[in-house]
Each structure stands twice: as C-alpha cells, then as structure tokens.
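Here the structure comes first, spelled out in structure tokens, and everything after it is commentary.
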Amino acid sequence: MNEKILSFLKSLKNKKTISLGELEKLFSGDIAYEVFAGEINRLIELDILREIKEHGKNNKPIPLANTYRLNKYALRKTFIDEIQCFQLRVHKDINLSSFLSLSEQQWKNDLAYIKMIDIYLNEKGFPTGNVTPQERSFQLVGDEKWIDEGGGKVLLERLGILSKLKINNEPDPLMLAVNPKNFSQAEYSHLIVENKATYYGLLSALDSTKFTTLIYGAGWKIISGISHLEKQLSLEGRKHTLYYFGDIDFEGIAIWNALNKKVPIEPACDFYGELVKKNSAKGKENQNKNQEALNNFLKFFDKDNQNNIKYTLENKGYYPQEGLNKRELQDIWRKFRW
C-alpha cells in the first residue's frame, strides 16, 4: 500500500471526509491513474475509506467516488498491525504492547533504537554484570548519553527490559595510587588509564613523576567515579589537571569523550603518540562508532597522526594500550610534557 496516502490520511486529525481531488493532488501525475485507482480501492477494501455514494463518481474507466468518509479505527489498525508484526520478529523479551496505546509518531521516534537494542540482545543476550549507564548506553546504541539524557531509560522501561540490563547508578570509589611527595603542590595532576595492565605497568614509576595520582579507570566506571576524586584525596577546591590514556578504538575514545564532558581532561598525547608508532591490532569490529567523540579526540593530534588513527579505525584495526611495554610506559611518563 502506498505509504504516501496512508501518511496523509493519518495526518488528518480533525477531518472526517476527504475528496478525490485532495487525494489526487498528493501525486500530481507522479503515477498512472490505474495505479492510483488500485491504491484507493485497496483502502476501500480495508475499510479505511468509505464511499459517500450521494456525491457520485468520476467518469474514468476505473470509476472512483468523488468523496470518501475516513474510518479512523481502521486507519489506526494498520499501525497496530505493524507493531504486532514487528513483535513477532524482535527478541522474545522485548515487549512492544505499550506502543499500542501511544501515538504513531512515538513509535517512529523509538523504532531505530528498538532495532539496535534487538540486535544487541540477539548477539549478546542479557548481561551478567552491572555497568554504568554510560557503558550500557554505548553498547546498545553507540551514544553514551542516551540512557541518562536521551530518553533511553524511558524506552527501556517501556520495553520491559530496564532491570534486566543491569545498569548500576551507584558509582564505585576510584581505584588509585597516590604520590605523597606531590601533595604540597599548588596544582595537582592526575593520570587516568583505561586498563589494569597499564596501571600496574606505570605504578612503580609514580613517585618519579610530577603526578599526584595514578588512577585505574576500569573502562566506563571512571565516568561516574571521577566526581569523587577531590573528596577521596581531601583536596577539594584545589586546582586539578587530568590526563587520560586508553585504547585507541571507538570505545576507548568514547570513554574519554564522555569523561571530558563531565570534567576537562586531555588525552595523554605523549602516550598516544608513541602508541600509534606500533603495529595496530585487528578486532573489535562490532564496536559502535561515535563520530562526535572521534572528531573531538583527533583535534589533539597533528595531521599525520589524525590520518593514521582514522585509517586504522576505518579498516577494523585498533591500538591497544598494551602495545607499550612497561619500560616504554615509564620512560614516557617520566618525560611527560606539560
């Protein structure tokens, strides 16, 4: 059935009748009369349009009534049928029944997200461990703000799966090591690293740097935990400078970008600059791409490194932090440029 006609009929909120001329204007010669007449007769068969016989018919080989009465119930039934058909195709735990009482526009607004959630559940199933809203949001739709700020929580509740996705809104305390010698400075610097191996690789060098702390970010957990930094150190109201070093992949970049929106934090370019000199790895093809995050991240690098990073990511490659060994990590940190 022609969606152009259906969409037009659904837009007629307060009209009970429609003329043949109004329907013909929708196409203005775009389709043959025979095709148009077939679509109108299909709407009559579905009881969406009812002929007003006293207004007569046109004088075409396939006669059509000059005026029709709209059957709003049958018109909405096409929308209901669409939802019910889609229900049969999505993951068994996704419940679309709430949309039967909502507007068709709401269904259209949510449909793209529902499809992404369906793909995630069919590929990975429900998670077994709790994670932050930002991490789960990125996993589901590629936008770390979607659950908290983009209406995602409402949709997940509507679908009946919010509790099954194990989203933890209570942040864990920060996991960090401190350099006592640097607690008397006027300004405090902190290095956050995404992965545990990098944290332990750097740990023994902390006291030979100008940094106050080394923080294990634990992936997305750092997003909610970073707000506790000053309080955990009893250094509230002081000046703090933060640097971040993570994997050069779409997720690692998205973590930095989400963190940077909460507190100003620079990519630790000394580490990243050495990392991209290494051979890239293959894998992580299923990560969601956040173009805004990538654009923001690349601004900190020169043109050659920008092109290198973009080329690697676009060709399904990435640079893991572990590409730098313990000696390299510590040498870079001791010579860190301010």
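What you are looking at is a predicted structure, and each value in this text was computed from that prediction instead of being measured.
Within the 4.5 Å cutoff, the side chain of L159 has no heavy atoms near those of the N95 side chain. Considering only heavy atoms from C-beta on, V276 comes within 4.5 Å of I309 through its side chain. Considering only heavy atoms from C-beta on, P173 stays 4.5 Å or farther from H228 through its side chain. No side-chain heavy atom of E45 sits less than 4.5 Å from a side-chain heavy atom of L43. Proximity of D81 to K77: side-chain heavy atoms (C-beta onward) are separated by under 4.5 Å at one or more points. Contact check for I94 versus D118: side-chain heavy atoms found under the 4.5 Å cut-off. Here the side chains of I161 and I117 are in contact, with some heavy-atom distance below 4.5 Å. L242 has its side chain within reach of L229: a pair of non-hydrogen atoms, C-beta onward, lies under 4.5 Å apart.
Taking CG of L329 as the start and CZ of R334 as the end, the distance is 10.5 Å to the nearest 0.5 Å. Taking CD of Q185 as the reference point, atom NZ of K210 lies at 8.5 Å (rounded to 0.5 Å). Note that the CG atom of L203 and the OG1 atom of T198 stand 12.0 Å from one another [nearest 0.5 Å]. Separation of atoms CG (D331) and CG (L324) is listed at 10.5 Å; rounding is to 0.5 Å. Taking CD1 of I248 as the reference point, atom CG of L275 lies at 4.5 Å (rounded to 0.5 Å). Atom CG of residue D302 and atom CG of residue N305 lie 4.5 Å apart, to the nearest 0.5 angstrom.
The distance between the ring centers of F271 and Y243 does not fall below 6.0 angstrom. Checked against the 6.0 Å centroid criterion, the rings of Y319 and Y272 do not qualify as a close aromatic pair.
Proximity of a side-chain donor or acceptor of N260 to a complementary backbone N or O of W256 within less than 3.5 Å is not detected. A donor-acceptor distance shorter than 3.5 angstrom exists from the side chain of K282 to the backbone of N315, with no hydrogens or angles considered. E328 places a side-chain N or O within 3.5 Å of a backbone atom of N325 that can act as its donor or acceptor partner. Judged by distance alone, the side chain of Y188 and the main-chain N or O of F183 form a donor-acceptor pair under 3.5 Å. Remark: the backbone N or O of L165 is paired with a side-chain donor or acceptor of R136 at under 3.5 angstrom. With hydrogens and angles ignored, the 3.5 Å screen pairs no side-chain donor or acceptor of D247 with any backbone N or O of D249. No donor-acceptor distance shorter than 3.5 angstrom exists from the side chain of Q134 to the backbone of A258, with no hydrogens or angles considered. Listed for the N71 side chain is a donor-acceptor partner under 3.5 Å among the backbone atoms of D47. Between the N168 side chain and the V131 main chain, no donor and acceptor come within less than 3.5 Å of each other. Here the side chain of N182 pairs a donor or acceptor atom with the backbone of F211 at under 3.5 angstrom.
Residues Y120 and V154 fall into different hydrophobic clusters, defined by Ile, Leu, Val, Met, Phe, Trp and Tyr side chains chained together at heavy-atom separations under 4.5 Å. Taking hydrophobic clusters as Ile, Leu, Val, Met, Phe, Trp and Tyr residues chained together by side-chain heavy-atom distances below 4.5 Å, V141 does not share a cluster with I119.
Side chains of E144 and N290: a donor on one and an acceptor on the other come within 3.5 Å. Inspection of the K289 and Q291 side chains reveals an N or O donor paired with an N or O acceptor under 3.5 Å.
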For Q321 and F245, what are the C-alpha separation, side-chain angles and deciding distance, and is it a side-chain contact (heavy atoms from CB on, under 4.5 Å)? CA-CA 8 Å; Q321 285 183 284; F245 178 44; 3.3 Å; yes

Could you walk me through whether N58 and Y33 satisfy the side-chain hydrogen bond (donor to acceptor under 3.5 Å, both in side chains) test, starting with their C-alpha distance in whole Å, then the side-chain angles of each, then the deciding distance to 0.1 Å, before giving a yes or no? CA-CA 12 Å; N58 64 5; Y33 176 79; 3.1 Å; yes

Using side-chain contact (heavy atoms from CB on, under 4.5 Å), reason through N41 and I62 one step at a time and then give a plain yes or no. CA-CA 10 Å; N41 282 321; I62 303 175; 3.9 Å; yes

Check step by step if side-chain contact (heavy atoms from CB on, under 4.5 Å) holds for T213 and N179. CA-CA 6 Å; T213 68; N179 184 354; over 6 Å; no

For H91 and F126: C-alpha separation, side-chain torsions, deciding distance, then whether ring-ring contact (aromatic ring centres under 6.0 Å, His included) applies. CA-CA 11 Å; H91 189 277; F126 284 105; 5.7 Å; yes

Pair S204-Q330, side-chain hydrogen bond (donor to acceptor under 3.5 Å, both in side chains): steps then yes or no: CA-CA 8 Å; S204 60; Q330 294 190 2; 2.8 Å; yes

Determine, stepwise, if the pair Q84 / L88 fulfils side-chain contact (heavy atoms from CB on, under 4.5 Å). CA-CA 7 Å; Q84 291 175 335; L88 298 174; over 6 Å; no

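Across A254 and A293, no two heavy atoms sit closer than the pair CA-CB, 4.0 Å. Nearest approach of Q106 to L102, heavy atoms of both residues: CG-CD1, 4.1 Å. Nearest heavy atoms, A205 versus S208: O-OG, 2.8 Å. Smallest separation of non-hydrogen atoms from L202 and W333: O-CZ3, 3.4 Å. Across every non-hydrogen atom of S137 and I147, the tightest pair is OG-N, 3.2 Å. Of all heavy-atom pairs spanning E251 and Q287, the tightest one is N-OE1, 3.0 Å.
Relative ring orientation between W220 and F138 is described as tilted, the plane-to-plane angle lying within the 30° to 60° band. Classified by interplanar angle (parallel below 30°, tilted 30° to 60°, perpendicular above 60°), the ring pair F301/F297 is tilted.
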Side chains of residues 15-23: which donor-acceptor partners sit under 3.5 Å, not counting sequence neighbours?
| unit_1 | atom_1 | unit_2 | atom_2 | d |
| --- | --- | --- | --- | --- |
| K15 | NZ | E22 | OE1 | 3.2 |
| K15 | NZ | E22 | OE2 | 2.8 |
| S19 | OG | E22 | N | 3.1 |
| S19 | OG | E22 | OE1 | 3.2 |
| E22 | OE1 | S19 | N | 3.0 |

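Enclosure of atom CZ in F8 by more than 12 non-hydrogen atoms of other residues, nucleotides or ligands within 6.0 angstrom is indicated. Within a 6.0 Å radius of NZ in K262, other residues, nucleotides and ligands contribute more than 12 heavy atoms.
A salt bridge between K181 and D207 is absent, with no side-chain N of the basic residue lying under 4.0 Å from a carboxylate O of the acidic one. Taking a cutoff of 4.0 Å between a charged side-chain nitrogen and a carboxylate oxygen, K108 and E82 do not qualify as a salt bridge. Under the 4.0 Å criterion applied to side-chain N and carboxylate O atoms, E274 and K277 are assigned as salt-bridge partners.
A side-chain hydrogen bond (donor to acceptor under 3.5 Å, both in side chains) check over residues 146-162, counting only residues at least two apart or in different chains, returns the pairs D110-R158. The salt bridge (charged side-chain N to carboxylate O under 4.0 Å, His left out) pairs that include a residue from residues 55-73 are E51-K57, where partners are two or more places apart or lie in different chains.
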